[in-house]
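Atoms within each ligand, like the ligands themselves, are counted from 1 in listed order. Values in this document were obtained by computation on a predicted structure and should not be read as measured data.
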Amino acid sequence: MPKGPRPLIAGNWKMNGLAKPAMREVTALAKHLDKAAGKQAFDLLICPPATLIAPLRAGIAKLGLTRRIRLGGQDCHASASGAHTGDIAAPMLKDAGCAYAIVGHSERRTDHGESDAAVHAKAEAAHAAGLIAIICIGETRAERDAGQTLRILTRQLKGSVPAAATARNTVIAYEPVWAIGTGLTPTAADVAKAHAHIRKRLAARFKDAAGFRILYGGSVKGSNAAELMALANVDGALVGGASLKATDFWPIALAVG
Ligand code: PEP
């Protein structure tokens, strides 16, 4: 990976995981980290289901890895509290031990009809709570086939990324919707083009655009991580399926470390 922002390898566990097996995976990750002692040249993040944040926080603390394995929420509400049954507010994530919150994941945009404006409000809520917002953007298959990819990314960046975003409080995740969970990935050239475009759009709005981490997400695995992570403007990965098992996740981390 060319020199740039410190890479971030983030695992999105989605609606998967129960406490005991989850802790076994974290312990396995810890063993890998131990072996690589002193050489962790990337930030490592797990975004488990909300029910696992507290037990994983305790388990990670017990392993003495609080600074080496960070936790994040998979979503947050735009309000800090209130009558929103089933939702989780950003200050609650922070209180539970999270440093990050994913917002605007395509599964939220699709399953819950979240618009760019809704994602923007969630990112602001994450920032207000002191969390780093990982703002997801990406085109659908139909949009790609229609040659609309860069236009969609421009629109989503404009609509979803708050004016107060900085390289310190915001990460952008480029996740082509059609590549998520499908085993399909864009070509390296297409990923490079999308990431260069995202950097350029950020540069038009933010003085510290060069410092923003831009993650690639969509069927990242051990076998393709090195090629993807070596691309210019790719500052890490947001990983779904391959983040559930340490044996699959660690090789991806090694691709940047
Ligand atoms: C994701 O859901 O953010 C994701 C990238 O999933 P997967 O790695 O399984 O494609």
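- For residues 94-105, the set of pairs meeting the salt bridge (charged side-chain N to carboxylate O under 4.0 Å, His left out) definition, not counting sequence neighbours, is empty.
- A donor-acceptor contact closer than 3.5 angstrom is absent between the side chains of T182 and R141.
- Considering CD of E107 and CD1 of I102, their distance stands at 9.5 Å, rounded to 0.5 Å.
- When R199, R6, H195 are each tested for a side chain to side chain donor-acceptor pair (under 3.5 Å) with D235, only one passes: R199.
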Under 3.5 Å, which donor-acceptor pairs do the side chains of residues 80-87 form with other protein atoms, sequence neighbours left out?
| residue | atom | partner | partner atom | Å |
| --- | --- | --- | --- | --- |
| H84 | ND1 | H77 | NE2 | 3.4 |

For ligand 1, which of its N or O atoms have a protein N or O partner closer than 3.5 Å, and how long is each gap?
| residue | atom | partner | partner atom | Å |
| --- | --- | --- | --- | --- |
| ligand 1 | 2 (O) | K14 | NZ | 2.5 |
| ligand 1 | 2 (O) | H105 | NE2 | 2.8 |
| ligand 1 | 3 (O) | H105 | NE2 | 2.9 |
| ligand 1 | 3 (O) | E175 | OE1 | 3.0 |
| ligand 1 | 3 (O) | E175 | OE2 | 2.7 |
| ligand 1 | 6 (O) | G240 | N | 3.4 |
| ligand 1 | 8 (O) | G240 | N | 2.8 |
| ligand 1 | 9 (O) | G241 | N | 2.8 |
| ligand 1 | 10 (O) | G181 | N | 2.6 |
| ligand 1 | 10 (O) | S219 | N | 2.7 |

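- Residue pairs that meet the salt bridge (charged side-chain N to carboxylate O under 4.0 Å, His left out) test with at least one member in residues 177-195, sequence neighbours left out, are R144-D190.
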